[in-house]
Amino acid sequence: MEPMDIVGKAKEDASLPKATMTKIIKEMLPPDVRVARDAQDLLIECCVEFINLVSSESNEVCNKEERRTIAPEHVLKALGVLGFGDYIEEVYAAYEQHKLETMWSCQPVLMSSVVGENLQQDSLKGAKWSNRAEMTEEEALAEQQRMFAEARARMNGGAITSKQPDADQSLES
């Protein structure tokens with residue numbers, strides 16, 4: 001019989017993408033170091049087990065607080081309970097940076113008006129935000145429309161076509 005995880009699926013069903021994990025492993029090592037495929041598989045299994053461990057403990061923390069949704073704070077508390085307290089600050093910083101990057105990639109118009117001196121002064125580890133922060137709302141909207149047009153063209157497999165009416169045509173009518 002196969003070992004089961006919390007949701008009742010076989011643990012073998014839960015895995016991480018090998019290509020992504022291999023890339024992460026290689027990025028962490030000097031270029032002249034090679035990793036055997038068995039060692040890569042073992043590292044991937046360790047990562048899956050770590051995720052299961054932290055998820056399970058986060059669920060316990062969440063239940064103790066009588067909540068139904070695991071929040072980032074629950075994960076941070078779980079790391080402390082499991083003895084990974086030394087990593088909490090770094091994990092939280094990575095989480096905050098992820099939130100900023102996600103917000104920026106999903107909502108460029110909103111971010112163009114939100115990003116300011118306070119964000120630039122925070123510890124973004126060398127991120128260059130100032131040139132995007134100076135973008136006006138109109139420029140950000142135009143850039144967003146251009147990006148949408150490029151995405152449409154890629155999806156349609158053809159040339160970039162503008163779905164916007166020409167300014168001259170809209171003035172004539």
Side-chain angles (χ1 to χ4, degrees), residues 14-33 35 40 43-44 47-48 50-52 54-55 58-59 61-62 65 67-80 84-173:
S15 187
L16 296 170
K18 283 190 176 189
T20 302
M21 294 302 298
T22 300
K23 181 181 175 193
I24 292 170
I25 293 167
K26 288 182 178 181
E27 285 176 355
M28 297 305 296
L29 300 173
D32 60 331
V33 175
V35 181
Q40 289 178 11
L43 283 168
I44 292 170
C47 291
V48 169
F50 179 75
I51 291 168
N52 286 335
V54 174
S55 298
S58 298
N59 187 47
V61 171
C62 182
E65 294 183 6
R67 301 284 185 185
R68 295 182 50 93
T69 303
I70 297 173
E73 300 79 42
H74 299 132
V75 176
L76 296 172
K77 286 181 186 176
L79 287 172
F84 296 104
D86 293 344
Y87 296 98
I88 291 174
E89 188 175 322
E90 189 174 343
V91 168
Y92 184 74
Y95 167 66
E96 287 294 316
Q97 184 162 352
H98 170 75
K99 279 193 331 187
L100 289 172
E101 290 169 0
T102 302
M103 187 179 352
W104 176 250
S105 67
C106 294
Q107 301 175 358
V109 173
L110 173 64
M111 283 302 294
S112 68
S113 60
V114 171
V115 176
E117 285 183 28
N118 294 340
L119 183 61
Q120 291 173 10
Q121 291 171 358
D122 288 345
S123 59
L124 290 176
K125 297 183 180 179
K128 300 199 184 249
W129 290 76
S130 60
N131 60 346
R132 293 186 185 216
E134 295 170 5
M135 188 181 293
T136 67
E137 188 172 341
E138 292 81 19
E139 291 170 332
L141 186 57
E143 177 68 10
Q144 184 180 41
Q145 293 302 322
R146 182 192 64 76
M147 290 167 51
F148 284 150
E150 286 179 3
R152 269 193 301 277
R154 282 194 302 273
M155 286 188 64
N156 295 332
I160 297 176
T161 57
S162 177
K163 296 267 184 179
Q164 300 174 346
D166 290 338
D168 296 316
Q169 290 177 345
S170 62
L171 292 176
E172 292 173 5
S173 47

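Between atom NZ of residue Lys26 and atom CD of residue Gln40 there is a gap of 6.0 Å, rounded to the nearest 0.5 Å. The distance from the SG atom of Cys47 to the CG atom of Asn52 is 11.5 Å, given to the nearest 0.5 Å. Rounded to the nearest 0.5 Å, atoms CG (Leu16) and CG (Leu43) are 11.5 Å apart. For the atom pair OG (Ser55) and CD1 (Ile70), the distance works out to 6.5 Å, reported to the nearest 0.5 Å. If you take CG on Leu76 and OH on Tyr92, they are separated by 8.0 Å, rounding to the nearest 0.5 Å. Distance check, rounded to the nearest 0.5 Å: CG of Leu79 to CD of Glu89 gives 13.0 Å.
Counting all heavy atoms, side chain and backbone alike, Val48 lies closest to Ser15 at CG2-CA, 4.0 Å. For Lys18 against Ile44, the heavy-atom pair with the smallest separation is CG-CD1, 3.8 Å.
For Glu27, the CD atom counts as densely surrounded, since its 6.0 Å shell holds more than 12 non-hydrogen atoms of other residues, nucleotides or ligands.
For the pair Leu141 and Gln145, the minimum side-chain heavy-atom distance is below 4.5 Å.
Proximity of the aromatic rings of Phe84 and Phe50 is defined here by a centroid distance below 6.0 angstrom, and this criterion is met.
Lys23 pairs by the side-chain hydrogen bond (donor to acceptor under 3.5 Å, both in side chains) definition with nothing, not counting sequence neighbours.
Screening Val91, Asn59, Val75 for a side-chain contact (heavy atoms from CB on, under 4.5 Å) involving Val54 leaves a single residue, Val75.
Listed by first and then second residue, the side-chain hydrogen bond (donor to acceptor under 3.5 Å, both in side chains) pairs that reach into residues 70-79 are Glu65-His74, Glu65-Lys77, sequence neighbours excluded.
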